[in-house]
Each structure stands twice: as structure tokens, then as C-alpha cells.
**Student:** 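Can you read through this structure? Questions will come right after.
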Amino acid sequence: MTSLPDRKRLHVITWGCQMNVYDSGRMTDVLAPLGYAPAETPNGADMVILNTCHIRDKAAEKVFSELGRLRRLKEASGGHMILAVAGCVAQAEGAEILARAPYVDIVLGPQTYHRLPEMVARASRAGGAVIETEFPAEDKFDHLPDSTTPQGVTAFLTIQEGCDKFCSFCVVPYTRGAEQSRPAAAILREARHLVAQGAREITLLGQNVNAWHGEAPDGSTWGLGRLLRELANIPNLPRLRYATSHPRDMDDDLIAAHRDIPALMPFLHLPVQSGSDRILEAMNRKHTGTDYRRIVDRLRAARPDLALSSDFIVGHPGETEADFEATMALVRDVNFAQAYSFKYSSRPGTPAAGAPRQVAEPEKDRRLQALQALLREQQASFAQSCVGLTMPVLFTGPGRHPGQVVGRSPFLHPVHLQGHADLIGNEVLVRIVAAHPNSLAGTLVQERLIA
Ligand code: SAH
Ligand code: SF4
Ligand code: F3S
């Protein structure tokens, strides 16, 4: 008879993108058979994983300062705590992490999470540190168990990983490796499992999610449009989303999917980075501002209520005032419901890092402020335009105040209202009565839409 392993406490700290959030869940799943259960704090934990992001400046410095804090907790545990560094900084820095923080037990890259149990065993046995930052031949998804910790009403599902686009400024192709698409059957299976665990909205994830081209059950190859059509047939899954997309991979079938699939939410995050053709070329984006506007027009023709979100970088090497004005013009033309904007940050090893004509920091600051003021204005006026409308809201949890529940609009706004907790997990028609800077308030107009 096999005895159950001792119960141990695992604390995971997650930085970076949605894929890191998903990965942290999968690392938790893979450690569950060893007796590790999630813990809210690192105090007294048997194992702590720091899941890191390398996308912008000072990423490594932030990791080392957090590790300094965790070192004290490890010492307080008499050295018993296993300390692991995962994610994109682990991939990029590898052995450097152990050189600067010798108290770390495990350094593992994003493609090796399925090997964690074996790494834990090696680290506990040998007492020496373990590094795994190779890109292994086997596919980690074939070796990861089904999730045991439900994600909740809204869930992430990685369908594609890695990037072959090599934008001038970006570390992702180096930290996540080449583009890889999971087979459709594995994705459909995981989606059904998430729904059985209570998910009512699934966001498909990929660094370039619309570059997904996976093996279909009949051996042919599907694109993302086709995959979405299949996912939309899963019972009790009223909502689908996908992120993050690249404009170049927005094909006809995917645009048609926005017209044909009611479950596909009318909100799309489609990063453009810049509105200047010169800078888009320097960024190696392989599309122009006009291409982007055309794609947006076609998407809006397919789904007239589509709200758009984007990412912008100001101050890429070579960006002049005229280039920046072209970005402002594109923002005015498209009108975004929401957006993220960043100052260009030089990343070692990327082509833009060594490029001439770097933009001075105060100039980047000024451009970022001007862009963010315009984006904030558009975001506020979009939220205001929702007031008075009736829309389906998917309730995800209790609100901050007693008697309140919070849900998600089709456009990703948090929506608060006074209501009973049994609304959670249901999609219900709500009338929007007020727009706040980061959320909407509503009242119920109808009982349950779905069981
Ligand atoms: N795969 C996605 C984006 C991944 S990174 C895409 O292609 O759109 C998320 C965002 O971070 C990017 O869209 C970009 O706006 C920003 N970003 C990436 N590298 C950056 C850098 N070196 N400096 C500033 N912002 C950066
Ligand atoms: Fe980075 Fe460009 Fe790939 Fe996006 S498409 S992950 S910005 S290299
Ligand atoms: Fe960061 Fe890696 Fe995601 S660099 S944004 S955690 S892919």
C-alpha cells in the first residue's frame, strides 16, 4: 500500500504576463502529487517559486531584491525551504542567478516545468543547486497533469507558446523559444476539464496566439478561427477570448469568427506598438499603420460592437517627434477602449539595444504622458458610452463591500452590483448605471441566462 505524501506548503509569486499566471497554476498542479498544497504567504512555506518576467528594464534587479527578502525567510526556516526561480529571467540569466544568489535551489526555464518534481528530488537529495534552462526535446504539455486547483469562473488556457517574429525590442523569442502550437485535441480536452471545474469564460493564451496552427483530430491543420468554432460547441462555455494577437496573423477565417461566433467576446487586444511606418519597419513588425487600420475596419465590419485594446512603445531608437505624432494620429483614428503604453526599454541582446539614435529619457517621459492622456480620455469615454446599456455580465466573485458581487462585462470591465452570491458563475443581463475610472456599476434586469 502506498502512503500519501506529507502535506507541504507551496507559495508561488507570479510576475509578468497572463501566460506566467497560467504557468504558475501548472507548476502548482505538477507539484500536487508530491504533497504540495498552495499557501497564501511565503512565511513558513516548504517551497517558494518566484515566476519572473524579463520584458522591461531592471527585471533582473527586481528579481535579486525579491530573492534577498526570500533568503531571510529561508534562513528563518533553518535552510529547509526550497527556493526556485522560474520564468523568463530564469531562462535569460540561468547560472548568473546562482552566482549572485547561491542560496537558490532551482533555476528553471519555462519549457521545463514538467520536470519540476524530479528537480525537487534532486535538490533535496544532493543539497546542490539544479539548473534547467535547455529547451527539451519533449513537449512539456504531454507531461503536465490535468489541473487540480480550479482557476475559477474565468480561466486561462495556453494553446501556443514562443515567438518567431523577432521584433527589434523584444526578449520573448529568446526567453520562450520558437513558436509551438498545441494539438487541437489536447486543447479541447483541457477546455472541457476547465468547464467541468466551473470555468464559464476561457481566454486562450499565446505570445502570438493567432499564429496558432495546430494539428486537428483528423490529421489536418487548423487555424485559430476553426479552433474557436470547435470550442464554442462545448456546453456551458458561454464566453471565449484570446490574447495576445499579432496584426500579421489576423487571417480571413479569424475575422469571420468574430462575425459568426456569439461566444467570442467583442473585445480584442491587438498590439500595434507605433503609428509610424518608419518606426514599424525599424521594429521589424512587418506591417504599416494603414495595414492596421484596414484590419480594424474589417474586424468592425464583422463585429460592429468590437472594442479594441492595444500596446504602444514610445521612444524606440530613431523615433522623432513626427513619428510620435503618427502614433497619436493612429490612436485618434482607431479609438481604443483600453490600452497599455510603455517607454522603450533597452534589452540586452535585442537588435534595438545597439541601434543608433536612442531617445533621451525626458523625451520618452514627455511622449508617454501625452499618449497616456489621450488613451485615458478614450478609455473614459468608452466606459461612459456603456452607461444606459444593457449587457450580459459574467459574475466571478464577491465584491469588496457586503452584499456586492463583481462580474465582467463583454469588454473586460469589472462590473459591481448589489446581488446575491448565487449569481457567481452565471451570465446575467445587467443595466449599466455608472462608469468609474476602472469599473462599471449596474443593476440586474433579468434572472439567470445560463444554468
Ligand atoms: N506578443 C505580444 C507582446 C508581448 S510583450 C505582441 O507581439 O504584441 C507585451 C508588450 O510589452 C509588447 O506589446 C510591447 O508593447 C511591450 N514591450 C516589449 N518589449 C519592450 C521593451 N523592450 N520596451 C518597452 N516595452 C516593451
Ligand atoms: Fe515580442 Fe514581437 Fe514576438 Fe510580440 S511578436 S512576443 S513583441 S517579438
Ligand atoms: Fe514577461 Fe516572459 Fe511574459 S518576459 S511578458 S513573462 S513571456
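The chain is numbered in sequence order, starting from 1. Atoms within each ligand, like the ligands themselves, are counted from 1 in listed order. It should be emphasised that the depicted structure is a prediction, and the values quoted were computed from it without experimental measurement.
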**Student:** For atom 13 (O) of ligand 1, what is the closest protein heavy atom, and at what distance to 0.1 Å?
**Tutor:** Asp311 OD2, 2.6 Å

**Student:** If you have a sec, work out which protein heavy atom is nearest atom 1 (Fe) of ligand 3 and how many Å separate them, to one decimal?
**Tutor:** Cys53 SG, 2.4 Å

**Student:** Under 3.5 Å between any N/O of Ser345 and any N/O of ligand 1: does that happen in this structure?
**Tutor:** yes

**Student:** I'd like to check which ligand 1 atoms, numbered from 1 as shown, lie under 4.0 Å from a non-hydrogen atom of Arg347.
**Tutor:** 22 (N)

**Student:** Does an N or O anywhere in Gln207 fall below 3.5 Å from an N or O of ligand 1?
**Tutor:** yes

**Student:** Is atom NE2 of His213 surrounded by more than 12 heavy atoms (other residues, nucleotides or ligands) closer than 6.0 Å?
**Tutor:** no

**Student:** Between Tyr36 and Arg9, is there a cation-pi geometry (under 6.0 Å to ring centre, at most 45° from the normal)?
**Tutor:** no

**Student:** Give a yes or no on whether the ring-centroid distance for Phe312 and Phe324 is below 6.0 angstrom.
**Tutor:** no

**Student:** Can you name the atoms of ligand 1, numbered from 1 with element, that are less than 4.0 Å from a heavy atom of Lys343?
**Tutor:** 23 (N), 24 (C)

**Student:** Give the residue and atom name of whichever protein heavy atom lies nearest to atom 11 (O) of ligand 1, and the separation in Å to one decimal.
**Tutor:** Arg56 NH1, 3.0 Å

**Student:** Which atoms of ligand 3 have any heavy atom of Cys17 under 4.0 Å away?
**Tutor:** 3 (Fe), 5 (S), 6 (S), 7 (S)

**Student:** Considering only the protein, which heavy-atom contact is closest to atom 1 (Fe) of ligand 2, and what is its distance?
**Tutor:** Cys170 SG, 2.3 Å

**Student:** Quick one: which of Arg300, Met250, Met265 gives a side chain to side chain contact (heavy atoms under 4.5 Å, CB included) with His258?
**Tutor:** Met250

**Student:** Give the residue, atom name and distance (to 0.1 Å) of the protein heavy atom nearest atom 4 (Fe) of ligand 2.
**Tutor:** Arg285 NH1, 4.4 Å

**Student:** Could you tell me whether some N/O pair between His246 and ligand 1 is separated by less than 3.5 angstrom?
**Tutor:** no

**Student:** What atoms of ligand 3 come closer than 4.0 angstrom to any heavy atom of Cys88?
**Tutor:** 2 (Fe), 4 (S), 6 (S), 7 (S)

**Student:** Report, in ascending order of atom number, the atoms of ligand 3 lying under 4.0 Å from any heavy atom of Gln207.
**Tutor:** 7 (S)

**Student:** Ignoring angles and geometry beyond distance, decide whether Gln273 reaches within less than 3.5 Å of ligand 1 through its nitrogen or oxygen atoms.
**Tutor:** yes

**Student:** Taking 4.0 Å as the limit for heavy-atom contacts, which would you say applies to Met19 with ligand 3: side chain only, backbone only, both, or neither?
**Tutor:** neither

**Student:** Answer yes or no for Cys163: is there an N/O/S atom below the 2.8 Å cut-off from atom 3 (Fe) of ligand 2?
**Tutor:** yes

**Student:** Under a heavy-atom criterion of less than 4.0 Å, does Ile55 contact ligand 1?
**Tutor:** yes

**Student:** Using a 4.0 Å heavy-atom threshold (strictly under), name the region of Arg285 that reaches ligand 1: side chain, backbone, both or neither.
**Tutor:** side chain

**Student:** Closer than 4.0 Å to some heavy atom of Asn20 - which atoms of ligand 3 meet that?
**Tutor:** 6 (S)

**Student:** What part of Phe342, side chain from CB on, backbone N/CA/C/O, both or neither, has a heavy atom under 4.0 Å from ligand 1?
**Tutor:** side chain

**Student:** Is it the case that ligand 1 has an N or O less than 3.5 angstrom from some N or O of Phe169?
**Tutor:** yes

**Student:** Nearest heavy atom to atom 8 (S) of ligand 2 wins, so pick from Pro247, Cys167, Ala211, Cys17.
**Tutor:** Cys167

**Student:** Heavy atoms of the protein only: does one fall short of 4.0 Å from atom 26 (C) of ligand 1?
**Tutor:** yes

